[in-house]
Amino acid sequence: MKIILDAGHGPETAGKRSPDGRLREFHFNAAVAEETKKRLVLDGHIVIFAHQADRDVPLSERIHLANRLGADLYISVHANAFGNGFNSANGIETYHFVKPLAASKRLAASIHQSLALATGLRDRGVKAADFAVLRNTRMPAVLVECGFMTNRTDLEALQSDAYRKRCARAIAFGVGHYELTK
Ligand SMILES: [Zn+2]
């Protein structure tokens, strides 16, 4: 399959960092995308990044790229935040569009189950949202939130290489499961 991986935001995107400033969300997202790409390529997929290392690519540009290339899947990788300071909100969640393609629902379920098992973080479930990358992409699309930068325990995980690799493996495994069961 031709798969678009989207590490959300950019390195300098305002506000997208942990309350203590130690983690920029993009650095987590991009590290997971890089490792996920390696694994998906080994599985025989073609992987294209919607993000760039030096700027916050506008959402319309990311979406246009995916549609123009006729991608088979769109997967957006994020870390979550709740409020401005540290608090107890924690765990992982996966989104599909509010009026999803059946395939988007299957992809979300497959990746989410894999992520929940692999990370061991609190399972917040699969949710629906009207995000632009889910609404305007013309292929099965999901957005994963791999833990909260605003939770001290989740943040420790988000900052570790081992956890990033675990997330990447889980996303790639979820894609493999989706492909097998279609
Ligand atoms: Zn984000």
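Counting starts at 1 for both ligands and their atoms, in listed order.
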Q) Remaining members of Phe173's ILVMFWY cluster at a side-chain heavy-atom cut-off under 4.5 Å? A) none
Q | Residue pair Arg62, Asp56: steps toward the salt bridge (charged side-chain N to carboxylate O under 4.0 Å, His left out) verdict | A | CA-CA 10 Å; Arg62 299 181 194 231; Asp56 189 345; 3.1 Å; yes
Name each donor-acceptor pair under 3.5 Å that joins a side chain in residues 63-70 to protein atoms two or more places apart or in another chain, with its distance.
from  : atom 1 : to     : atom 2 : distance (Å)
Asn67 : OD1    : Arg138 : N      : 2.9
Asn67 : ND2    : Asn136 : O      : 3.0

Q.
Listing request: all ring pair (Phe, Tyr, Trp, His ring centres under 6.0 Å) pairs with a residue in residues 140-165, at least two apart in sequence or in separate chains.
A. none
Q.
How close do Ser104 and Ala141 get, counting heavy atoms only, and between which atoms?
A. OG-N, 3.1 Å
Q.
Salt bridge or not between Glu61 and Arg55? Use side-chain N to carboxylate O under 4.0 Å.
A. yes
**Q.** For the Zn ion (ligand 1), every protein N/O/S atom that sits closer than 2.8 Å, waters excluded
**A.** His9 NE2, Glu25 OE1, Glu25 OE2, His78 ND1
